[in-house]
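Input: a single structure, listed below in structure tokens.
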Amino acid sequence: MVQLPATASSSALETYEKCPRAYRYQYVERLQTAQSVPALTGDLFHGALEHLFEADPADRTMDLARTLIADQVDAAVADGRLAALEVTGTALENLREDLDQLLVGYFTLEDPTTIDVESVEEWFDLEMENVRFVGRLDRVDREGGGIVIVDYKTGKLPRDGYEDGAFAGLRRYAMLYEHKTGIAPKALRLHYPRFRVTLDRPIAPRSVVVFKQKAEAAWMQIVKAADADDFPKKPGPLCNWCDFQAFCPGEPPADFPRKSR
Ligand code: SF4
């Protein structure tokens, strides 16, 4: 029987859904996944917006946002995250330009001075069967007498017909929010600043209960896989970007970087 981690997250459940073997490598064996420029771009953008929404509403201007983005990039230069990805010189200037375009796109989607924010980047958790489910909610807004759970996506838009799947993570966050506060959010919102698109999904009354049942069912699948030590590989296009492809489905090299416990 495989020892599972004490906590689960939305991204862990998504990893298992995409490929059980990749879940085993990443969350059971705690193998380190490599950082990428798109992922770091998302981190820097989220970091800047986190600080933007910590400011007083009237101060959440484009000028402040540009300063915060510059601070994020400078920090990533100073701590070596960008050099590790060989983002220097022209590539660094391109990244700054890309982040600026994301900001310009974001400001076409909403006016942050008008947003009534309840929390930013706050951790929530929920005890489930043998596991504590945790999630860090990018932003929770008060809007029209209800609560809206908000996230920003700096990558691609979901393909036509697959928009609903893009909300899987936010549905789990709605579950966490309701568990902590006793208040069911009324809607979920995804901003795609690169494409100047916002997707909204209303939440019907009582559907948060269903989100919880689905999360519990997803976790029980992982528990069963651990009991049988059966985390089959699920080959597909994602293998081309998988950090574990070189040895999948076998054992990783002993010196493969691992996350600390
Ligand atoms: S290489 Fe493919 S099958 Fe193997 S763990 Fe990665 S995604 Fe799964």
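Counting starts at 1 for both ligands and their atoms, following the listed order.
Using cut-offs of 30° and 60° on the angle between ring planes, the pair Phe53 and Tyr106 is perpendicular. Ring pair Tyr23/Tyr27 is parallel by interplanar angle, where below 30° counts as parallel and above 60° as perpendicular.
Here Lys18 has no heavy atoms under 4.0 Å from ligand 1, in either its backbone or its side chain. Counting heavy atoms under 4.0 Å from ligand 1, residue Cys19 touches it through the side chain alone.
Between the side chains of Thr61 and Asp63, no donor N or O sits under 3.5 Å from an acceptor N or O.
Counting protein heavy atoms only, atom 6 (Fe) of ligand 1 is closest to Cys242 SG, 2.4 Å.
Annotation for ligand 1: atoms under 4.0 Å from non-hydrogen atoms of Cys239 are 1 (S), 2 (Fe), 3 (S), 7 (S). Per-residue contacts place Cys248 under 4.0 angstrom from the following atoms of ligand 1 (heavy atoms of the residue considered): 1 (S), 3 (S), 4 (Fe), 5 (S). Those atoms of ligand 1 with a heavy atom of Lys234 less than 4.0 angstrom away are 3 (S). Distances below 4.0 Å separate heavy atoms of Gln245 from the following atoms of ligand 1: 1 (S). Every atom of ligand 1 with a heavy atom of Lys233 under 4.0 Å away is listed here by number and element: 3 (S). For ligand 1, the atoms lying closer than 4.0 Å to a non-hydrogen atom of Ala22 are 5 (S).
Aromatic rings from Tyr152 and His46 are positioned such that their centres are separated by under 6.0 Å. A distance below 6.0 Å separates the ring centres of Phe247 and Phe256.
Side-chain contact between Val73 and Leu82 is present, with at least one heavy-atom pair separated by less than 4.5 Å.
Residue Asp125 forms a salt bridge (Lys or Arg N to Asp or Glu O under 4.0 Å) with just one option from Arg136, Arg132, Lys180, Arg172, and that option is Arg132.
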